S.K.: 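Take this structure first; my questions come after.
Being a predicted model, the structure only gives us computed values, none of them experimental. So that the names make sense, note that chain A is the first sequence line, chain B the second, and so on, each numbered from 1.
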Number of protein chains: 2
Amino acid sequence: MTDETSQPATLRQIAREAGVSVATVSRALRRPESVSAQTRERILALVARHRYVPDALAAGFASRRTGLVGLMVPTISNSIYAAFTESVQGRLQAAGRKLLIANTNYSATLESEIVHKLVESRVEGVIFTGCRRDGVLYELLRHYRIPFVVTWSTSGDPSIPAISFDNFAAAKAATKTLIQLGHRRIGLICGLSAVNDRAQQRIAGFRAELEAAALAFDPTLVAERPFEVAEGAAAAEAIMGTARPPTALFCANDIQALGALFACQRLGRAVPRDVSIIGFDDLPMTRIANPPLATVHVPAQEMGEAAADALVRAVDMGEPIQSRALDAKVITRDSIAAPRG
Amino acid sequence: MTDETSQPATLRQIAREAGVSVATVSRALRRPESVSAQTRERILALVARHRYVPDALAAGFASRRTGLVGLMVPTISNSIYAAFTESVQGRLQAAGRKLLIANTNYSATLESEIVHKLVESRVEGVIFTGCRRDGVLYELLRHYRIPFVVTWSTSGDPSIPAISFDNFAAAKAATKTLIQLGHRRIGLICGLSAVNDRAQQRIAGFRAELEAAALAFDPTLVAERPFEVAEGAAAAEAIMGTARPPTALFCANDIQALGALFACQRLGRAVPRDVSIIGFDDLPMTRIANPPLATVHVPAQEMGEAAADALVRAVDMGEPIQSRALDAKVITRDSIAAPRG
DNA sequence: TTGTATGCGTTATCAA
DNA sequence: TTGATAACGCATACAA
C-alpha cells in the first residue's frame, strides 16, 4: 500500500502500468460496471498504490462540467445565514456538487467582483441573497447559461426566479400582532435598508401595517443599524430613552432583538410588562431566552434546500427554475403582551 | 456594448477578431503592460463586447494552479466558527485566492471524503479544524504536495503544523479563576469529546486544575452535549437539579453558556449570587448578556488570518508552515463571583 | 469490453 | 512587442 514513486500519478501512468488504455482506466473509475472485473481489479489496485486522485480540473475541462455551485450571502456570522448556508451545502453535497461560498459583506461592488470570479470558475449555478443588484450581473449569468436563483427576497421581476418568503408580509404580520395586543406606539430596529433589501422590505411592511391601523409613523422610534447584538442593545437604549418611549419594539432580526431584550432589562424595563419585544428569524436562542422571545419563523432551511434542489434540476435536466413563495409565520412567545394601563 | 454572438467567446475568437495571436490576448489580460497600448485597447474592447470571462478551469489546467484553498470546519452554525471562517476568507480573498468551505459536521467519515474532493479539485492548501484524524489524510496531502495547517487545536506531532491556542491551558485557567473565587464544587458543560478534540482538551484542562487544587472530580457534574443553546440549558437544569448542585458552572463554549444562564435564571438561581457561570469563545453576545458573561477570549480572527497567510506564503514562496501558539485569555465579567456563605 | 483519436481553452516556451 | 506551438490530464465519440 505504499506508492511506487513520490510523484502524483496520472491516468496515463496507471494505464501504462495496467497495460490498458487511458480510456479504460477512466471508465474503471467513472463507470466501473463498464469494465471487466479482472481489469477493474488490476486498475483499482494500482490506483490505491499510487494514491491516484483524478484531477477534477482536467476532468471538468474535458467534460465541460465543474460540479460547482456558487452561493452569495452577505455574511455567515449571522447564524440565520449560517443555517441557510448549511442547508444549501448539505443538499448540494448529497447531489455530488461542491459549494463555493462567498461573503459579499453587504457590498454591491464586492458582490459584482465575486460574480465574475464565479463565472470564471464556470460554476454551474448561482444562489443569490436578496434581489436588488445591477442587472448586468443577471445578464452575464444568462449569457454564460448559468442558472441562478434569488433567496431571502421575493423578486418583482418574473424573469428573476426567487425561492423565498415575503418579507413585507411577514413584517406586516409581526407588527399587526403587536397592534392587536393593544400597542399604539411601536419602535422598530432593523438592518441598513440602504444595503439590504430585506431590511427595506421589512420596514415597508411595518409602515404599511401602521398605516392600516391608522397609527402615525414616528421616525424617532426607528433605528437602522448593522446586524450586531451590541447595535440592537444601543438602538433599544436610544429608543427607550426618548421622551415618549414606545410600549413595544419590533426588531427585524433576532440578533438585534436579543440585544434589545438585554438592554431593556438592564434599563429596568421588564419584558413584556413595560415593553414588548418581537424579533425576526426564529433563531434557536429565542426559544431559550428569558422571557422566550416572540419572533417570525423564516423558512431558512426549506429555502436553502429548495434553492439547491431547483438549481440541480436546472443543471441536470434543464428544468427552468420556478419562483416559489414559502411561508413565514409569527411565533407568539412570552416577550409580548398587552401594554400596561 | 452588446455582444456579437449569443455564445460565450473564447480567447481564440477574441484573438481572431482582434487580428492577433491567442498569446497576445492572454497577455493583454494577465499582464497588460506587456502589450502595446494600441493592441491592448483593441483587445479589451472586444473582451467587453463579447462579455468574455476567461475560463479559470482551462487556465488552471494549463498553469497547474487553481488558486483554491480548502477549509474544513465542523459547522458554521456556531458563530465562533463563522467568524473564523470569515477571517480566513477575507484574507484569502485579499490574496486573490478562492475558498472552498466544507462542513464536516463532526464526522470523520465525511471529513475524509471531503479531503479527497479537495485533492481532486487540486486545492493549493487545506486548513483543518482540530488535529485528531486518520494520518492517511495527512499523507495524502503530502503526497500531492498540498500544504496544510491545523487550527483550533495544538498538535503534539511537530510534523503537523498548527496555528492555534492551547485549549487545555485555557480551560485550566478558566477553572482556576472559579477556584480562586472560592468555588469548590464546579460543574462542566461541553461538547462531545468523542468527536471533538477541543472539547476533550478542555475537559482535560478542567480536570487538571481540579486536581491541582486537590478538588475531587465528580462525573455527575459533567455534561457532554451537542453545541446548542437548548442543550446547554438542559444540561444546566440537570446539573443544578442534582442533590448537591455546584456553585459554579464552566461551559466550554458560549452557546451552551448562554443556554445555561437562561436555564439558571428560569430555575430562580440568580447569577452570580447563587451560581457563577463562565463560558468560552467570547462571542459578542456575552458582553451584552444580563449579567455580562465571563468567558475565555479565543483568537478566532487572528488564528484565521494567520492560517490563511501562512498557507499563502507556503504556496507562493515555498515557505514551510511554522506552528504557532496564540493567546487565549480569561475575561472576567459579572457572571462570576465568590460563592455565598 | 477495449482501444484510438480528438479536443477542451489556456499558459508558457521559444523564436521572430 | 508579438506569434507559433506544445503541453496540461482527462472524457468521449467512434472504431474495433
S.K.: I need the CD-C1' distance between B:Q13 and C:dT10, as an integer number of Å.
M.R.: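 Between C1' of C:dT10 and CD of B:Q13: 14 Å.
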S.K.: Quick one, give me the B/S/- string for nucleotides 1-6 of chain D, reading 5' to 3', where B means a protein heavy atom under 4.0 Å from the base and S means that only happens at the primed atoms, P, OP1 or OP2.
M.R.: SBBBB-
S.K.: Within the pair A:Y52 and D:dG9, is there a side-chain N or O less than 4.0 Å away from OP1 or OP2?
M.R.: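 False: A:Y52 side-chain N/O out of range (4.0 Å or more) of D:dG9 OP1/OP2.
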S.K.: Is there a donor-acceptor contact under 3.5 Å linking the side chains of B:H143 and A:Q7?
M.R.: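 The answer is no; no qualifying pair exists.
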S.K.: Can you measure A:R31 atom CZ to D:dT12 atom C1' for me and round it to whole angstrom units?
M.R.: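 My rounded result for the distance is 10 Å.
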S.K.: Give a yes or no on whether the backbone of A:V20 and the side-chain of A:T24 come within a donor-acceptor separation of less than 3.5 Å.
M.R.: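 A pair under 3.5 Å: no.
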S.K.: Regarding A:S153 and A:D197, do their side chains bring together a donor and an acceptor under 3.5 Å, going by distance alone?
M.R.: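 The answer is yes; a qualifying pair exists.
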S.K.: Separation of A:H50 atom NE2 from D:dG9 atom P, in whole Å?
M.R.: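 Rounding to the nearest Å, NE2 of A:H50 and P of D:dG9 are 15 Å apart.
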S.K.: In whole Å, I'd like the distance from the CZ atom of B:R30 to the C1' atom of C:dT10.
M.R.: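 Those two atoms, CZ and C1', are 8 Å apart.
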S.K.: Quick check on DNA chain D: between A:R65 and B:S63, whose nearest nucleotide comes earlier from the 5' end?
M.R.: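 The residue whose closest nucleotide sits nearer the 5' end is B:S63.
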S.K.: Counting side-chain heavy atoms from CB outward, which of D:dA11, D:dC10, C:dT10 is closest to A:D55?
M.R.: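 Closest nucleotide to the A:D55 side chain: D:dC10.
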S.K.: From CZ of A:F61 over to P of C:dT6, roughly how many Å is that when rounded to an integer?
M.R.: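 Rounded to the whole Å, the gap is 17 Å.
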S.K.: Would you indicate which nucleotide in C:dT11, C:dG9, D:dG9 comes nearest to any side-chain atom of B:R12?
M.R.: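 Out of C:dT11, C:dG9, D:dG9, the nucleotide with an atom closest to B:R12's side chain is C:dG9.
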S.K.: Indicate whether any N or O donor in one side chain lies under 3.5 Å from an N or O acceptor in the other, for A:Q301 and A:E305.
M.R.: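 Yes, side-chain donor-acceptor contact under 3.5 Å.
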S.K.: Between P on C:dT2 and CG on A:L29, what's the gap in Å once rounded to a whole number?
M.R.: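 In whole Å, C:dT2 P lies 14 Å from A:L29 CG.
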S.K.: Would you say a side-chain N or O of A:R64 is under 4.0 Å from OP1 or OP2 of D:dA11?
M.R.: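 Answer no for this pair, as no side-chain N or O of A:R64 is under 4.0 Å from OP1 or OP2.
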S.K.: State plainly whether the residues A:R40 and A:E33 are in salt-bridge range, i.e. N to O under 4.0 Å.
M.R.: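 Not counted as a salt bridge, because no side-chain N and carboxylate O are separated by less than 4.0 Å.
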S.K.: For the pair B:E124 and B:R97, find out whether any cationic side-chain nitrogen is under 4.0 Å from an anionic carboxylate oxygen.
M.R.: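 Counted as a salt bridge, because a side-chain N and a carboxylate O are separated by less than 4.0 Å.
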